[in-house]
Q: 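Let me begin by handing over the structure; questions about it come next.
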Amino acid sequence: MGRLVVASNRTAAPGEDRAGGLAVALWDALTERGGLWFGWSGEIAERETRGVRLVAEGNVEFALADLTEAEQQGYYLGYANRALWPVFHYRIDLARFDDSDWDCYAGVNRRFGRLLHQLLRRDDIVWVHDYHFLLLGQELRNNGWQEPVGFFLHIPFPPSEIFSALPQHQRIARALAEFDLLGFQTMRDVGNFRRYMAEHHGAEELPDGRLKAFGRTIRVEAFPIGIDADEFRRFAQGQDASAAAERVGRIIGDRALVIGADRMDYSKGLPQRLRAFGRLLDENEDLRGRVNLIQIAPPSRETVGAYRDLREELDRLAGQVNGDYSDLDWTPIRYLARGYPREVLAGLYRLARVGLVTPLHDGMNLVAKEFVAAQHPDDPGVLILSEFAGAAERMGAALLVNPHDVAGVADAIRRSLEMSREERIERWRALDEEVGTNDVAAWRRAFIAELEAIAGGGA
Ligand code: ADQ
């Protein structure tokens, strides 16, 4: 059996933060069979360095490449996060299309493709991750690599009309066709990709479901990512979790807790969520003084303008709702612009009556799954979930909402607060079954099995 080779922008190299389901899942996959994890070191070098830094841990090797300052600006903050991220999240209005950012993005994919190719052995299985490396498969081919390469997109794939707004969409599609297996989070993403390929590149669907395009045959499938549900369940019952729940419990007393936890990103629907909570208080006098929202939102990508604007909007909105409704002994929203360890979040999820997960668009959204895993089986909280989160495709037992519909979200919160224990338990059981069965280990096994089948000539 050959090695597994994973390529992703950031890795879980020694010294990096390994918390989080994805890092753990890939790490487990690599240790299981031995392998190599390739990616950006997180370091900025003065000038372009020729090689990679190799670090080994057990049977896993990390190959880490530095970026130059210009590459970080053009490839990472530029094309990946100012063009691809907004467009893939249906936000053409926030996208900046800059030819030099594109050149830089293509350049980093070319350089990284060359570096990775030098490290590959003939029977390796190669698995590339996410929107930073859309061109990496093609670059491996340019260097002569003929073995199978898989790709998984963690974020949504938008409808054809939106994807084709990217000035470089043709180049990207051509490069994606060089992968043998394309994995998306949901059937919706798969459908969007297939339609785009058919409309713009005359792709043909074969009877076995594979796609024929640019003279190549590719498998295109949904692999919904999950969490390590057992681990999160343990977190929720651990000491850090109880300590956090106790601290918060002392402050909120017997008021109902509504919880939100998201990276501060415009895809997460945070302003709409704060407005919905304001609307709830507006329309339900009886709830004033009886319910608290804790919104945890650590800032990310702060050098990108759209993220600075979001920060200001959230500061203002939280201040406004609190100004309008606070009383001497009650502040409705506790808005925390910082991150907390997942153990602490688990404790807050378990304490909460309602989990508010209302992104405008999201590849999957693992917070929704973590909220479910953290609940007490006899007295679970209610998950309110955006219909535009990938997670919604298989979590229909949540209260599904349109995050743009402020009144609808306010209603769903009210309904959750009034929901009988029987209904909460029934909904939660269905959700917990999904989260426990389709966990992160099942996700990676399914993807790797598919890739191996291709390598073995099974496809
Ligand atoms: P993200 O956009 O980062 O991931 P998500 O899947 O919700 O979104 O969260 C990732 C992790 O970060 C979770 O484990 C969560 O606990 C943690 N986290 C979130 N908010 C936090 C907070 N306030 N403090 C501390 N930790 C926090 C991308 C895609 C998603 C996709 C994942 C995995 O955007 O759609 O689900 O990759 O494929």
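Atoms within a ligand are numbered from 1 in the order they appear, just like the ligands themselves.
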Q: At the 4.0 Å heavy-atom cut-off, does F152 count as touching ligand 1?
A: no
Q: When you measure from the centre of the six-membered ring of F277, is the NZ or CZ of R273 closer than 6.0 Å and no more than 45° off the axis?
A: no
Q: Look only at interatomic distance and state if I225 has a nitrogen or oxygen under 3.5 Å from any nitrogen or oxygen of ligand 1.
A: no
Q: List ligand 1 atoms under 4.0 Å from Q185, heavy atoms only on the residue side.
A: 31 (C), 38 (O)
Q: Using a 4.0 Å heavy-atom threshold (strictly under), name the region of K268 that reaches ligand 1: side chain, backbone, both or neither.
A: side chain
Q: How does F235 reach ligand 1, by side chain, by backbone, by both or by neither, if only non-hydrogen atoms under 4.0 Å count?
A: neither
Q: If we only count N/O pairs under 3.5 Å, is R338 in contact with ligand 1?
A: no
Q: Look only at interatomic distance and state if H89 has a nitrogen or oxygen under 3.5 Å from any nitrogen or oxygen of ligand 1.
A: no
Q: Quick one: look at I227 and ligand 1, take heavy-atom pairs under 4.0 Å, and tell me if it's side chain, backbone, both or neither.
A: neither
Q: Cation-pi check, R444 to W127: give yes when NZ or CZ is under 6.0 Å from the six-membered ring centre and within 45° of the ring axis, no otherwise.
A: no
Q: Would you call R96 and D101 a salt bridge, using N to O less than 4.0 angstrom?
A: yes
Q: Could you name the option among L366, I155, V440 that has the heavy atom nearest to atom 7 (O) of ligand 1?
A: L366
Q: Going by heavy-atom distance to atom 21 (C) of ligand 1, choose the closest among I296, V344, D228, L345.
A: L345
